[in-house]
**Q** 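Got a structure for you, questions after.
Remember, it's a predicted structure, so these values are computed and weren't measured experimentally. Letters A, B, ... are given to chains in the order of the sequence lines, protein chains preceding strands, and every chain is numbered from 1.
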There are 2 protein chains.
Amino acid sequence: MAKVTISDVAQAAGVSKATVSRYLNKHFERMSPNTRQKIAKVIEDLNYQPSFQASALKSNWTHLVGVVVADISNIYSTLLITGINEVAKAHGNQIMIGDASDDLNQQQESIELLLRQNVDGLIIQPMSQDPHDYAYLRQSGTPTVMVDRLTKPLFWPTVTSDDYASTYKLAQAVLAAGYQDILIFINKISVASTRQMRAQAFLDATQDKARVTLLETANDDPKVVADWLVQHPNAHPVVFAGNGRLLMALLLWIKDQGLTCPEDLGVCGYDDWRWAALVGPGISCVTQYPIQIGQQATELLAQIIGGKRLPATQVKVAADLNLRGSF
Amino acid sequence: MAKVTISDVAQAAGVSKATVSRYLNKHFERMSPNTRQKIAKVIEDLNYQPSFQASALKSNWTHLVGVVVADISNIYSTLLITGINEVAKAHGNQIMIGDASDDLNQQQESIELLLRQNVDGLIIQPMSQDPHDYAYLRQSGTPTVMVDRLTKPLFWPTVTSDDYASTYKLAQAVLAAGYQDILIFINKISVASTRQMRAQAFLDATQDKARVTLLETANDDPKVVADWLVQHPNAHPVVFAGNGRLLMALLLWIKDQGLTCPEDLGVCGYDDWRWAALVGPGISCVTQYPIQIGQQATELLAQIIGGKRLPATQVKVAADLNLRGSF
DNA sequence: CTGAAAGCGCTAACAA
DNA sequence: TTGTTAGCGCTTTCAG
């Protein structure tokens, strides 16, 4: 089953490759209907499929959009990719996924791989806040949009959740419920802007109305929370889990310990997905919309690819606050 | 920032393109260490990145693995892709995702798109059980492995969960708990082999020891369950949700109705993710391991791409049964 | 051990 | 309206 090429088509249709190429690129303006039909028929008959490689090589136009997520096993990624894929497809682009496995070096490798694929554009959920860590990207001149996390200063158009506002409101609700101790259960804070911002929203809202303790973990292990509880046997704290995975880890641990919420401790966090409503009395959560973020980012990227120059500004996608019975 | 090509490198190193190409393809066998170092240095200095397109065009070897999932917004996909990506990377391949949006035609489009990208191989979660629906795939001769779902007859090596066994055991546990009515809440049954098999396992285990009712939905809506309950006000059934999304939809509905489980009705199902333990008394579930399925499939694919001829047999990845308090 | 040369499948001036 | 021609950046015989 030798692959059928543009030459085969040209020959079978009795025209030149150039004409077939024009047909493929829909330059019908001044092509005899006759020729056009002939080519159409031959393509149909031979089931000819133009090669992307060849076309890309010549035209420098791959119709590929690279997507580098922080951690592909995270549900956030699925949703983000779903949104991106949808819009990319609508623009005639194919997406190519890279995974950073939560590691800056791996992220760089992924980006470079995609750059070698000559992607027309790139959507990145950046591991680092420092634009300098992406110098090679800048150099390549590839149109880029960042998602979910900010770099400081902003260097690329960036689409994120507007979660400061929601998190702030969540913190206020926690205070209103009378909690004296707020534990922020979060991944090592230095890495990503989102994490920092979430913690900050809590700190800002709380001021000195309650004690806020940052409990950092490197591996999603709620041990830090357990330790704190041991050291404060009489406290009745609320724990704020800084992302969906931490929230789940925390809840599993709570269940495992035979504790109940909100009796033994209050819980709240981020709901990457829609399961938080189901647990116990329903977990109070900030809900994000990664699908929309992906869609927005891809629209922006399409514009940049199309030649528009967009400023490096932040676009925010609203997040919701769902207050339930968990604190 | 004009792209640096192999010619630039050749010139700068004072050698021919051919030699640089040999270097790139690690044909060091008979290359003077001197030349080798020279080239290495120049590549470093110029930050040269070989173009995949060009190499692919000539060598007919893209190092691309196409992955077509049934529905990219499903968590199952994330896990599958995670496993595939990991192994593909280890083999020096890049994955390219296609989405079928639960639709056979869209799946075909996705596959054809990937075929045009000249992927070296394909991993597909098939929408259809009928190999004839994939004639164009067969024709292309592209190495292919199917995952998650079977075609009948088997035409490609296929990696699936071994969930018949686990589902059968689950059904037995349900019977042992004394349930008289078993409701199988499932997507329109005709489409996918997995769904069929899950229902079948229940039917097989039950025989005539309980009434089994198939409740089919086209849109994840538990209305069919609600209707059944209205019609059988005195029954105390157990509902088996045929996949993770249905299970979640069911549980949300139950919570919404103010019902509790297992008091008002028993629940069990498939846990695509790890949240089922958290809900209520813990939902009894069959747990699958899509990551492993992805890994296995990719290993097989690598072998086929490598020239090995594998028989069209089914490889099963064990699934677990987690009995908890939900019935 | 290295180079020359042909060509993968397609596109895009430039001619006709 | 269509064909001719010259590559895109790389790989790979075949010579040397």
Side-chain angles (χ1 to χ4, degrees), chain A residues 1-40 42-43 46-64 92 113 115-120 140, chain B residues 1-40 42-43 46-64 92 113 115-120 140:
Chain A
M1 202 86 31
K3 201 142 175 40
V4 16
T5 75
I6 199 174
S7 301
D8 301 331
V9 174
Q11 196 161 24
V15 298
S16 74
K17 292 194 302 176
T19 307
V20 179
S21 175
R22 281 184 201 109
Y23 175 92
L24 294 176
N25 295 290
K26 306 195 199 302
H27 295 164
F28 303 131
E29 307 91 63
R30 312 168 289 178
M31 182 186 306
S32 80
N34 191 355
T35 313
R36 183 171 166 180
Q37 281 170 22
K38 237 179 2 194
I39 297 178
V42 172
I43 288 181
L46 302 184
N47 189 26
Y48 164 63
Q49 309 270 91
S51 148
F52 279 121
Q53 266 88 37
S55 149
L57 186 57
K58 185 65 194 180
S59 68
N60 240 334
W61 198 237
T62 57
H63 298 282
L64 250 35
L113 216 58
L115 253 21
R116 283 185 57 188
Q117 296 280 4
N118 272 306
V119 293
D120 291 343
S140 78
Chain B
M1 201 86 33
K3 209 157 166 34
V4 17
T5 75
I6 198 173
S7 301
D8 301 330
V9 174
Q11 195 162 25
V15 297
S16 74
K17 292 193 302 175
T19 305
V20 179
S21 175
R22 282 187 199 105
Y23 175 93
L24 293 175
N25 295 291
K26 306 197 198 303
H27 294 164
F28 303 131
E29 308 91 63
R30 311 169 289 179
M31 182 186 307
S32 79
N34 191 355
T35 313
R36 183 170 166 180
Q37 282 170 21
K38 237 179 0 195
I39 297 178
V42 172
I43 288 181
L46 301 184
N47 188 26
Y48 165 63
Q49 309 271 91
S51 147
F52 279 122
Q53 265 90 37
S55 147
L57 186 57
K58 185 67 196 179
S59 69
N60 238 336
W61 198 237
T62 57
H63 298 283
L64 250 35
L113 216 57
L115 252 21
R116 284 186 55 188
Q117 296 279 6
N118 273 306
V119 294
D120 291 344
S140 79

**Q** Using a heavy-atom cut-off of under 4.0 Å over every strand shown, decide if Ser32(B) touches base, sugar-phosphate, or nothing.
**A**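 Counting heavy atoms under 4.0 Å across all strands, the contact made by Ser32(B) is with sugar-phosphate only.
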**Q** On DNA chain C, compare the nucleotides closest to Arg22(B) and His27(A); which residue's is nearer the 5' end?
**A**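 Its nearest nucleotide being more 5', the pick is Arg22(B).
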**Q** Report yes if a side-chain nitrogen or oxygen of Ser21(B) is closer than 4.0 Å to either non-bridging phosphate oxygen (OP1 or OP2) of dT11(D); otherwise report no.
**A**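 Answer is yes, contact under 4.0 Å.
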**Q** Side-chain N or O of Ser16(B) less than 4.0 angstrom from OP1 or OP2 on dG3(C)?
**A**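 So the side-chain polar atoms of Ser16(B) do come within 4.0 Å of the phosphate oxygens OP1 or OP2 of dG3(C), strictly under.
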**Q** Rounded to whole angstroms, how far apart are CD1 on Ile6(B) and P on dA4(C)?
**A**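 Computing the Ile6(B):CD1 to dA4(C):P distance gives 14 Å.
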**Q** Looking at Phe28(A), is Arg22(A) sitting on its ring face, NZ or CZ under 6.0 Å from the six-membered ring centre and within 45 degrees of the normal?
**A**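 No cation-pi geometry.
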**Q** Quick one: label Val20(B) by what it contacts on the DNA or RNA (base, sugar-phosphate, nothing), any heavy atom closer than 4.0 Å.
**A**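 The answer is nothing, as Val20(B) stays clear of every strand by at least 4.0 Å.
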**Q** Just wondering, do Thr35(A) and Tyr23(A) contact through their side chains at under 4.5 Å, heavy atoms?
**A**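 Side-chain contact under 4.5 Å: no.
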**Q** Answer with yes or no whether Lys58(B) presents, from its side chain, a donor or acceptor under 3.5 Å of a partner atom in the base of dG7(C).
**A**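 Such a pair is found, so the answer is yes.
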**Q** Looking for any heavy atom pair under 4.0 Å, which part of the strands does Tyr23(A) touch: base, sugar-phosphate only, or nothing?
**A**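 No contact.
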**Q** Do Asn118(B) and Thr62(B) pair up side chain to side chain, a donor and an acceptor below 3.5 Å, judged on atom types alone?
**A**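 There is no such pair between these side chains.
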**Q** Measure NZ/Lys17(A) against P/dG7(D) and give the value in whole Å, please.
**A**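 Rounded to the whole Å, the gap is 14 Å.
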**Q** Check the distance between dG9(D)'s P and Asn25(B)'s CG and give it to me in whole angstrom.
**A**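 In whole Å, dG9(D) P lies 17 Å from Asn25(B) CG.
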**Q** Over all strands shown, is Asn60(A) touching base, sugar-phosphate only, or nothing at heavy-atom distances under 4.0 angstrom?
**A**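 Answer is nothing: Asn60(A) stays at 4.0 Å or more from every strand.
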**Q** Need to verify one output field. Residue with the more 5' nearest nucleotide on DNA chain C, Ala56(A) or Phe28(B)?
**A**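 Its nearest nucleotide lies further toward 5', so the answer is Phe28(B).
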**Q** Report yes if the side chains of Leu24(B) and Tyr48(B) come closer than 4.5 Å at any heavy-atom pair, otherwise no.
**A**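 In short, these two side chains touch, coming nearer than 4.5 Å.
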**Q** Ser59(B) side chain N/O closer than 4.0 Å to the phosphate oxygens (OP1, OP2) of dT12(D)?
**A**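 Ser59(B) to dT12(D) OP1/OP2: no side-chain N or O under 4.0 Å.
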